[in-house]
Structures are given as structure tokens and as C-alpha cells.
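Every heavy atom of this structure was used, including side-chain atoms; hydrogens, water molecules and symmetry mates were not.
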Amino acid sequence: MREDGSMTQEERRALRILRGYGDPACYEEMAQVIVRGGADGISADEDGVLLHHRRADLYMIAAKNEARVMELVDEIPPHATDVLLHGDYAPELVTRVRIHFHLRHALRFVMYAYYGEVPEPEREADIRPLGIGALDFLDAHYGHASREYVAARLEDGVMLGAYVDGRLAAFIGEHIEGSMGMLHVMPDYRRHHLGYALERAAIRRTMLAGHTPFDQVVPENEASHALQDRLGMTRACGALYWITDDTF
């Protein structure tokens with residue numbers, strides 16, 4: 001992306017190819033990396049797109065066939081620690097990519113994106129931005145990231161909290177690559193619709209910033225799938241395969 005915020009010809013071409021694949025929710029993450037100016041090292045033709053998210057050090061691939069996937073894999077440094085495959089791929093291909101990078105896990109996620117109207121401001125829940133002062137609380141209750149990562153999310157101003165009687169009862173945020181996540185509701189406040197209110201507020205904030213909201217859900221999390229449906233999120237047909245040493 002240029003200094004004035006406009007996309008380069010290479011970025012526009014990659015975005016056009018991704019949009020042309022159909023199943024928009026499956027490829028929205030890659031599209032948003034481009035739109036939000038996070039991509040570098042783009043390699044794109046009609047058969048496949050490779051992006052590198054510079055800040056998160058993530059490599060993302062979408063391709064029409066197995067041969068093109070492996071050609072793009074060969075363009076990624078062999079020491080890469082996080083490779084994301086977007087699309088509908090055979091388990092054998094996913095395993096082949098994992099072994100190529102000597103990584104331990106290939107985690108499958110269901111992708112969602114929001115293409116509806118901007119939600120109205122939340123009126124039934126006390127939702128506020130969270131600052132670095134909330135670090136100890138979030139670090140104690142969110143077990144899927146390091147304290148340093150949580151601190152960076154707070155410093156970037158992308159965390160929201162829901163308060164009940166002045167107490168922080170739930171929170172949500174945005175991951176470094178742009179996906180909504182980090183949703184956690186304290187046990188005493190579950191079934192109070194705080195998760196719905198928080199994700200709705202996160203959708204609104206993302207859209208007011210000019211971006212498309214998206215997120216990732218593990219296949220077995222039925223409660224989260226139900227929440228995405230209730231919010232009007234579009235479910236992708238293809239999947240996201242996150243190849244990594246992490247377990248989240």
C-alpha cells in the first residue's frame with residue numbers, strides 16, 4: 001500500500017482475484033489484509049494468491065488446485081511458523097504443507113464474515129473501550145494468548161468490555177490480523193446476552209472504520225456458531241487451515 005493509503009496495482013490485482021473465487025467469507029481475511037494495508041510480499045495470478053501479513057508474520061494462501069498451493073508454498077521461507085490455507089482442500093494436502101514446514105498442528109476453522117447493515121449502537125449493555133489498565137484482568141481470564149499479545153491488543157485500542165453494575169463482566173477484541181475474537185464472558189454473567197452485545201458492538205466498530213468484519217470459529221464450538229447465525233454472519237463454504245506450532 002502506498003504512503004497515501006491507496007492500493008498498489010499488485011494489491012488491486014490480488015484483491016480482484018480473491019473476489020473472483022466466490023465464497024467471499026472464505027477469502028475475506030485475505031481481502032481485508034490487503035484493504036487494511038497489512039500485506040507485503042504479494043504473489044498473485046488467476047490460479048492462486050500468496051500474502052504475507054508483515055506485523056503478524058503470517059503467510060496466507062488461496063489457490064484453485066493442489067499444484068498451485070505447493071508452488072506458492074515453495075515461495076514461503078522454510079522457517080515460517082504460521083501458514084494459513086484458505087479454501088476447500090483435501091486433508092492430505094494440508095498434511096503435506098504442515099510437514100513441509102515441520103510444524104506440529106493443522107487447525108481447521110470455520111470462517112464467517114458480515115455483509116449486513118451497520119448495527120445500531122448498543123443500548124442494553126454498558127460497553128466501553130478497554131485500555132492497558134485492564135491487562136491483569138484479561139490476562140487472568142483469557143488463556144489463549146500470551147500476556148504480551150494481550151497487552152499489544154489493548155495498546156492498539158481494539159478491546160471492548162461489557163460492564164454489569166460497574167464490574168467488567170465480558171470482553172472481546174480484534175486479533176492482530178484483523179479478525180474479531182478473544183470473546184470471553186465471566187461465568188456469573190453467562191446467559192445475559194453479553195456475548196451477542198459485544199460482538200455486535202465489534203461489528204459496528206469495524207464497519208464504521210470502513211472494513212468488513214470477519215472471524216474464525218472452531219468446528220466443535222456450537223454455541224459460537226449459533227451466535228454467528230444470530231448476528232447475521234455469512235458462513236464460508238470453504239475452511240481456514242492454520243498450520244502452526246501453537247494450539248490456541
Side-chain angles (χ1 to χ4, degrees), residues 1-2 6-113 144-146 149 175-179 181 212 214-219 236-248:
M1 188 159 284
R2 300 186 179 96
S6 63
M7 284 191 288
T8 65
Q9 183 176 352
E10 184 181 50
E11 288 170 331
R12 288 196 298 271
R13 182 167 180 262
L15 187 60
R16 175 186 60 78
I17 292 168
L18 289 168
R19 296 298 192 203
Y21 283 165
D23 193 11
C26 183
Y27 306 104
E28 195 61 63
E29 178 175 49
M30 294 180 69
Q32 288 301 304
V33 169
I34 297 171
V35 170
R36 302 185 194 192
D40 63 5
I42 296 173
S43 177
D45 60 31
E46 298 300 330
D47 289 331
V49 177
L50 168 65
L51 304 178
H52 178 242
H53 189 291
R54 67 176 71 89
R55 188 177 179 197
D57 196 21
L58 301 175
Y59 292 89
M60 302 179 179
I61 290 174
K64 287 187 174 181
N65 54 66
E66 179 174 331
R68 187 59 180 140
V69 168
M70 295 312 300
E71 289 173 355
L72 293 172
V73 162
D74 285 338
E75 296 184 28
I76 299 175
H79 59 270
T81 57
D82 290 278
V83 178
L84 282 62
L85 301 181
H86 288 259
D88 186 12
Y89 303 114
E92 294 79 10
L93 173 63
V94 178
T95 298
R96 185 178 173 191
V97 175
R98 180 184 63 79
I99 292 172
H100 177 92
F101 291 104
H102 305 287
L103 296 171
R104 291 181 292 174
H105 306 292
L107 308 174
R108 185 177 182 275
F109 292 87
V110 178
M111 295 294 295
Y112 288 90
H144 303 290
S146 68
Y149 182 85
H175 285 292
I176 191 171
E177 85 287 358
S179 64
T212 300
F214 67 95
D215 60 13
Q216 308 152 358
V217 179
V218 294
C237 297
L240 164 66
Y241 300 90
W242 195 308
I243 299 169
T244 180
D245 274 339
D246 293 329
T247 58
F248 306 107

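A salt bridge links Glu28 with Arg19: the closest approach of a Lys/Arg side-chain nitrogen to an acidic carboxylate oxygen falls below 4.0 angstrom. The pair Arg13-Glu46 does not count as a salt bridge, with every side-chain nitrogen at least 4.0 angstrom from each carboxylate oxygen.
Counting all heavy atoms, side chain and backbone alike, Asp23 lies closest to Cys237 at OD1-N, 3.0 Å. Ala39 approaches Arg54 most closely through the heavy-atom pair O-NH2, 2.7 Å. The two residues Tyr27 and His86 have their closest heavy-atom pair at CE2-O, 3.6 Å. Nearest heavy-atom pair across Ala236 and Cys26 is CB-N, 3.4 Å. Counting all heavy atoms, side chain and backbone alike, Met30 lies closest to Ala62 at SD-CB, 3.7 Å.
Side-chain contact check for Glu92 versus Thr95: every heavy-atom pair is 4.5 Å or farther apart. Using a 4.5 Å cut-off on side-chain heavy atoms (C-beta onward), Leu84 and Tyr241 make no contact. Counting only heavy atoms from C-beta outward, the side chains of Tyr149 and His175 approach each other to under 4.5 Å. For the pair His100/Val83, no side-chain contact is recorded, criterion being any heavy-atom separation below 4.5 Å from C-beta on. Within the 4.5 Å cutoff, side-chain heavy atoms of Ile34 are placed close to those of Leu18. Counting only heavy atoms from C-beta outward, the side chains of Tyr21 and Lys64 approach each other to under 4.5 Å.
Between Ile42 atom CD1 and His52 atom NE2 the span is 11.5 Å, to the nearest 0.5 Å. Rounding to the nearest 0.5 Å gives a distance of 5.5 Å between CG of Leu58 and CG of Asp82. Interatomic distance, CG of Leu240 versus CZ of Arg108, reported as 9.5 Å (0.5 Å rounding). Taken to the nearest 0.5 Å, the CG atom of Leu85 stands 4.0 Å off from the CD1 atom of Ile243.
Checked against salt bridge (charged side-chain N to carboxylate O under 4.0 Å, His left out), Asp57 has no partners two or more places apart in sequence or in another chain.
Between the side chain of Glu177 and the backbone N or O of Val33, no donor-acceptor pair lies under 3.5 Å. Side chain of Tyr59 to main chain of Thr81: no donor-acceptor pair is present (N/O by atom type, distance under 3.5 Å, no hydrogens or angles). Arg12 places a side-chain N or O within donor-acceptor distance of the main-chain N or O of Met7, the cut-off being under 3.5 Å. The main-chain N or O of Leu103 is found under 3.5 Å from a side-chain atom of Arg98 such that the two form a donor-acceptor pair. Formation of a donor-acceptor pair under 3.5 Å by the Arg104 side chain with backbone atoms of Asp246 is not found in this model.
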Per-pair distances, 0.1 Å, donor-acceptor, side chain in residues 65-79, under 3.5 Å, sequence neighbours excluded:
unit_1, atom_1, unit_2, atom_2, d
Asn65, OD1, Ala67, N, 3.3
Asn65, OD1, Arg68, N, 2.8
Glu66, OE2, Arg96, NH1, 3.3
Arg68, NE, Asp45, OD1, 3.4
Arg68, NE, Asp45, OD2, 3.4
Arg68, NH1, Glu71, OE1, 3.0
Arg68, NH2, Asp45, OD2, 2.9
Glu75, OE1, Ser43, OG, 3.1

